[in-house]
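Here the structure comes first, spelled out in structure tokens, and everything after it is commentary.
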Amino acid sequence: MSTVIIVGGPAGTGKTTVAELLAKHFNDCPFVEGDALHPQANIDKMSAGQPLTDDDRWGWLQNLSEVAAQKAVESPQKVCIASCSMLKKVYRDHIKKSAHHVDPLLKFKFVFLWTTYEELMQRVSSRAGHFMKLDMVRSQYDIMEIPKEQELIANGGDSLDVDTSGRTPQEITSGVIADIGI
Ligand SMILES: Nc1ncnc2c1ncn2[C@@H]1O[C@H](COP(=O)(O)OP(=O)(O)O)[C@@H](O)[C@H]1O
Ligand SMILES: O=C(O)[C@H](O)[C@@H](O)[C@H](O)[C@H](O)COP(=O)(O)O
């Protein structure tokens, strides 16, 4: 059975860093950077400092889901890691539905990284050359829905909520590997 692990959370929370460590752990399995799949119109909008609307997101999330699922199915490891903010539960549900036609048995696991607003600001400031502007991170922080209750793996769901405050990327990744159940 194939699995896609999506590492999510607001800008600067450590998605790319942790996703790359996870891909190494799974014998250099494929890694899909969600930001690389945005249509130009979305990039232009974010570069102009405007947050995306849900209508801007659906097609991007669908494409991300299909690309990551296809790579998981084709890879020898049967795993693909992807990074994507996936800030709301409806986005995670949309991602799950979107790959059904690629492989109905494929499983998604969602790893949602978060930290305090102050810590997030520090991390975003240390990223160079990204289209995401500092003031847009506030809007992400305001709308984000950290997985809880039935969404959590501990309660039979498919998500982990990971407080990354004061933890190194290596510590976070080891915790994810221990808890993700694949
Ligand atoms: N757990 C962590 N603690 C402190 N800094 C981190 C942590 N994870 C990532 N960073 C740093 O924060 C910045 C943003 O990380 P990145 O992985 O690019 O985030 P994202 O992909 O979510 O935007 C980078 O400078 C990275 O080195
Ligand atoms: O790491 C980041 O800078 C963000 O997560 C970035 O990837 C951006 O947020 C999304 O690509 C846009 O989508 P959303 O507006 O849905 O977060």
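Order of listing sets the numbers, starting from 1, for every ligand and every atom in it.
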Heavy-atom contacts with Ile172 under 4.0 Å: which atoms of ligand 1 show up? List them by number with element.
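Counting atoms of ligand 1 from 1, those under 4.0 Å from Ile172 are 1 (N).
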Under 4.0 Å from a heavy atom of Thr17: which atoms of ligand 1 are those, numbered in the order shown and with their elements?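 Near Thr17, the atoms of ligand 1 are 9 (C), 15 (O), 16 (P), 17 (O), 26 (C).
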Is the shortest distance from a heavy atom of [X] to ligand 2 less than 4.0 Å?
X     : result
Trp60 : yes
His38 : yes
Met46 : yes

Quiz item: Any chance NZ of Lys24 has more than 12 other-residue heavy atoms, nucleotides or ligands included, within less than 6.0 Å?
Solution: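 No, NZ of Lys24 has 12 or fewer neighbouring heavy atoms, counting only those of other groups under 6.0 Å.
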Which side-chain N or O atoms in residues 78-86 pair as donor and acceptor under 3.5 Å with protein atoms at least two apart or in another chain?
unit_1, atom_1, unit_2, atom_2, d
Lys78, NZ, Val73, O, 2.5
Ser83, OG, Glu33, OE2, 3.0
Ser83, OG, Gly34, N, 3.4

Notebook entry, point to check: Will you find, in the side chains of Thr17 and Arg123, an N or O donor that is under 3.5 Å from an N or O acceptor?
Noted result: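 No, Arg123 and Thr17 have no side-chain donor paired with an acceptor closer than 3.5 Å.
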Side chains of Glu66 and Gln62: do they bring a donor and an acceptor to under 3.5 Å?
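A donor-acceptor contact under 3.5 Å links the two side chains.
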Nearest-option assignment for atom 6 (C) of ligand 1, heavy atoms, candidates Arg123, Glu171, Gln170 |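 Among Arg123, Glu171, Gln170, the closest heavy atom to atom 6 (C) of ligand 1 belongs to Arg123.
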message = Nearest non-hydrogen contact with atom 16 (O) of ligand 2 belongs to which option: Arg123, Arg57, Gln140?
response =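 Answer by nearest heavy atom: Arg57.
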Between side-chain atoms of residues 143-154 and protein atoms elsewhere (two or more places apart, or another chain), which donor-acceptor pairs fall under 3.5 Å?
unit_1, atom_1, unit_2, atom_2, d
Glu145, OE1, Lys89, N, 2.9
Glu151, OE1, Arg92, NH2, 3.0
Glu151, OE2, Arg92, NE, 2.9

Taking both backbone and side-chain atoms of [X], is any N or O found less than 3.5 Å from an N or O belonging to ligand 1?
X      : answer
Thr168 : no
Ala11  : no
Glu119 : no

Problem set entry | Region of Leu87 engaging ligand 2 - heavy atom pairs below 4.0 Å |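 Leu87 to ligand 2: side-chain contact only, backbone stays beyond 4.0 Å.
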| query | Salt bridge check: are Arg138 and Asp142 linked by an N-O gap of less than 4.0 Å? | reply |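 Judged by the 4.0 Å cut-off on N to carboxylate O distance, Arg138 and Asp142 do form a salt bridge.
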Exercise for review: With heavy atoms under 4.0 Å as the rule, classify the contact between Val18 and ligand 1 as side chain, backbone, both or neither.
Suggested key: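 The answer is neither; Val18 stays 4.0 Å or more away.
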